[in-house]
2 protein chains.
Amino acid sequence: MVTIYDIAKYANVSPMTVSRVINNSINIKATTREKVERAIKELGYIPNAAARSLTSNQTKTLGLILTDITNPYFSKIARGVEDVAVEKGYRVLISNTDEDSDKEVNYIDMMISARVDGVLITPTSDKTIDQVERLRKHNIQVVLLDRTIEGFEGDYVIGDSYLGTQQLVQHLIDYGHQNIALINGPANVSTARERARGYLETLKQNGLEVYEHYLSELDYKHAQEGKAKEILKRLLSLEADKCPTAIFAANNFIAVSAIRSLRELGLSVPDDISVVCFDEVEPIVYFDPFFTVAAQPAIEFGRVGIQLLIERVEEKEAGIRQQVILPPVIHIRKSTMKRS
Amino acid sequence: MVTIYDIAKYANVSPMTVSRVINNSINIKATTREKVERAIKELGYIPNAAARSLTSNQTKTLGLILTDITNPYFSKIARGVEDVAVEKGYRVLISNTDEDSDKEVNYIDMMISARVDGVLITPTSDKTIDQVERLRKHNIQVVLLDRTIEGFEGDYVIGDSYLGTQQLVQHLIDYGHQNIALINGPANVSTARERARGYLETLKQNGLEVYEHYLSELDYKHAQEGKAKEILKRLLSLEADKCPTAIFAANNFIAVSAIRSLRELGLSVPDDISVVCFDEVEPIVYFDPFFTVAAQPAIEFGRVGIQLLIERVEEKEAGIRQQVILPPVIHIRKSTMKRS
DNA sequence: TCATAAATTGTTATCGGTAACAAACAAAAG
DNA sequence: CTTTTGTTTGTTACCGATAACAATTTATGA
């Protein structure tokens with residue numbers, strides 16, 4: 001492995017001078033600089049980041065903790081993060097919690113041992129506050145992504161779950177639906193709470209009753225057809241006047257599970273029942289726009305989130321909290337139909 | 001930041017003893033070990049990976065270079081990689097080249113400066129061989145993923161593009177299609193070459209003629225509706241007896257672009273024209289299985305690829321080359337129709 | 001009981017950079 | 001042609017961990 005010492009010897013200068021050239025210090029004689037740069041090129045030297053970080057106390061590495069990169073919503077976020085990070089000279093360590101707080105703890109350990117400069121994280125639940133504390137104790141900046149957690153003081157980038165839900169539910173009501181069931185995410189996730197609030201308040205604002213039976217929960221995860229089917233069976237077995245004519249799915253995965261289950265139960269969307277959800281269902285949207293959704297600007301979430309994080313990292317003391325709430329965009333498509 | 005020196009002082013031993021406890025060395029008195037472990041827990045010590053890597057010459061970090069994490073095919077690969085890597089105690093640095101070899105060079109630099117132990121890479125083109133050389137010069141192991149490159153000697157995990165193409169084309173022929181157009185990926189990517197070969201040979205084996213006009217190229221990238229539309233316009237303007245009744249799209253993105261363009265041109269799939277492609281189109285498949293595809297075990301690609309890489313990393317000298325070729329699975333669905 | 005082997009712990013140097021200070025050299029001023 | 005100041009380069013110590021060796025303690029056997 002070639003080091004500054006090799007370069008130094010090759011260029012007949014001291015290692016320190018090499019270091020100065022690498023870091024574009026002032027006060028280097030032009031001829032010396034050229035000599036060193038030639039040596040660097042000829043020997044193919046690339047600085048050792050580990051050694052650097054040891055003195056500089058920064059690794060130029062950031063952690064990105066998501067629930068599942070396989071969800072297009074998160075892969076887009078990851079993409080946004082990656083692009084901005086690289087642009088600003090940072091590397092990105094990535095990991096998937098699967099909404100599992102034990103995994104989350106392990107990944108936080110990993111991030112701490114890597115001494116990342118900051119972590120951008122989609123917390124699994126309110127319990128994640130402990131992990132935030134731990135990171136901060138290790139002097140690692142934290143920005144939350146997609147969700148907040150109780151008691152968190154700091155920067156975050158989230159979508160407006162309340163607003164999006166309100167708009168979707170209102171859309172259903174405008175389409176003549178009165179019996180709207182909510183299949184929500186886990187109540188210990190802030191987005192689920194906000195979506196529940198949006199759902200309940202919008203119903204109330206429209207003078208509609210909320211049946212206890214209309215509320216159920218699934219994980220925000222992939223492939224839960226089994227549980228989804230049970231929920232739907234239960235919903236569909238309600239008396240005719242209480243049987244839901246529309247379903248609000250709290251995210252894209254839940255919506256896909258729901259529609260699959262509905263089909264298996266012999267119902268078709270939107271003819272028999274309408275479905276709306278949060279987050280775009282890709283790449284279906286490019287190919288055959290079907291889902292009525294509250295689309296969130298996922299790439300933008302990533303870009304903004306990592307930007308905030310980098311700002312925090314680069315000016316530690318930094319001032320006021322940056323809490324960005326990006327509004328969703330409602331797309332009315334084929335999964336909802338007017339009740340006649 | 002708490003270091004072994006802090007632990008040492010707190011536990012009244014030498015730093016070296018602390019190091020020994022951390023690394024589970026033998027010959028530590030039980031009482032000493034407990035004392036140190038208690039100190040570690042109480043002070044919340046986590047080893048500094050950078051410092052470690054300086055002496056050990058390994059970072060326990062691996063690089064994953066993909067073309068675009070936004071493509072579900074690659075996000076699944078990334079997921080497989082991540083899972084196995086973490087399981088084996090490695091971190092993963094991730095990056096997206098967008099099939100751009102300049103970006104690729106930058107990311108390779110990044111990986112070298114991070115002194116990753118190995119890189120798992122989807123090469124952008126045959127030119128990537130230079131980058132492989134560079135990595136190796138820096139003593140970094142390389143495993144190729146999804147594609148090979150000319151002149152490469154080493155491990156790789158790829159799909160059987162030839163076989164998959166053959167089966168898809170044969171399926172089209174069995175369905176009565178004689179005029180099958182190929183919209184391929186870039187010829188400097190091995191999968192595209194193999195798919196072209198599979199296409200041409202299967203046609204020949206069936207005594208079908210190949211029209212020059214049937215061959216065209218797109219990037220393996222997202223959102224190329226413009227170019228796709230041009231290609232399709234040209235194809236559809238051929239005389240009736242030469243006008244394709246089926247299209248072989250070299251990957252999922254190309255297929256989606258093609259179908260979108262076809263629709264804009266007033267044609268529907270499969271009624272007017274059949275379409276097949278490589279790689280699953282998710283999550284459509286869960287929701288409404290539509291595409292006839294050669295599905296590749298993406299997660300498995302990732303898992304196997306990173307496993308090979310880790311093996312190489314952990315026993316440098318290692319023996320014979322591991323060249324894994326995983327067969328695709330053909331799913332015949334609704335995007336193809338029998339010609340009557 | 002004392003020498004010797006085995007187990008346990010400590011010291012020093014090092015990995016590849018850089019900060020802080022010191023030295024050498026060149027240019028400007030008297 | 002000195003002196004002074006400013007430029008440029010070099011030395012030393014350190015970041016946090018560990019390998020290699022040294023020292024100390026404990027156990028074993030004659």
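A note on names: the letters A, B, ... follow the listed sequences, proteins ahead of strands, and every chain is numbered from 1. All values below were derived from every heavy atom in this structure, side-chain atoms included, with hydrogens, water molecules and symmetry-related copies excluded.
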*NZ/NE/NH1/NH2 to OD/OE distance under 4.0 Å, B:D98 and A:R79*: yes

*Counting just side-chain N and O atoms, does A:S19 come under 4.0 Å of either OP1 or OP2 of C:dG17?*
no

(message) What I want to check is whether the side chains of A:S53 and A:Q58 have a donor and an acceptor closer together than 3.5 Å.
(response) no

Rounded to whole Å, CE of A:M16 lies from C1' of D:dT7 at a distance of 15 Å

Of C:dT18, D:dG10, C:dT9, the nucleotide closest to the side chain of A:I4 is C:dT18

Self-check item: Atom NZ of A:K103 with >12 non-hydrogen neighbours under 6.0 angstrom
Solution: yes

Under a 4.0 Å threshold between the charged nitrogen and the carboxylate oxygen, would A:D155 count as salt-bridged to A:R312? yes

Applying a 4.0 Å non-hydrogen cut-off, can you work out what A:V13 is touching in the nucleic acid: base, sugar-phosphate, or nothing? sugar-phosphate

So, A:D130 and A:R134, do they make that salt bridge, N to O below 4.0 Å? no

If you compare every side-chain N and O of A:T3 against the phosphate oxygens of C:dG16 (OP1, OP2), does one of them come in below 4.0 Å? no

Note: contacts of residues 21-33 of chain A with DNA chain D (heavy atom, under 4.0 Å) are A:N27, A:I28, A:K29, A:T32

Practice problem: Could you verify whether a donor N or O on one side chain and an acceptor N or O on the other, from B:T124 and B:E104, lie under 3.5 Å apart? | Solution: yes

- Classify the side chain of A:R115 versus the base of D:dG16 as yes if they form a donor-acceptor pair under 3.5 Å and no if they do not. no

Rounded to whole Å, CZ of A:R20 lies from C1' of D:dT8 at a distance of 8 Å

Q.
I'd like to know if B:E99 and B:R147 make a salt bridge, using a cut-off of under 4.0 Å between side-chain N and carboxylate O.
A. yes

### Message
Between A:T191 and A:Y220, is there a side-chain donor-acceptor contact under 3.5 Å, judged purely by atom types and distance?
### Response
yes

Here the distance between atom P of D:dC15 and atom OH of B:Y5, to the nearest Å, is 8 Å

Sorted by number, residues from residues 39-62 of chain A placing a heavy atom under 4.0 Å from DNA chain C are A:Y45, A:P47, A:N48, A:A51, A:R52, A:L54, A:T55

Answer with yes or no whether the side chains of B:D146 and B:Y156 bring together a donor and an acceptor at under 3.5 Å.
-> no

In whole angstroms, the gap separating P of D:dG16 from NE2 of A:H138 amounts to 13 Å

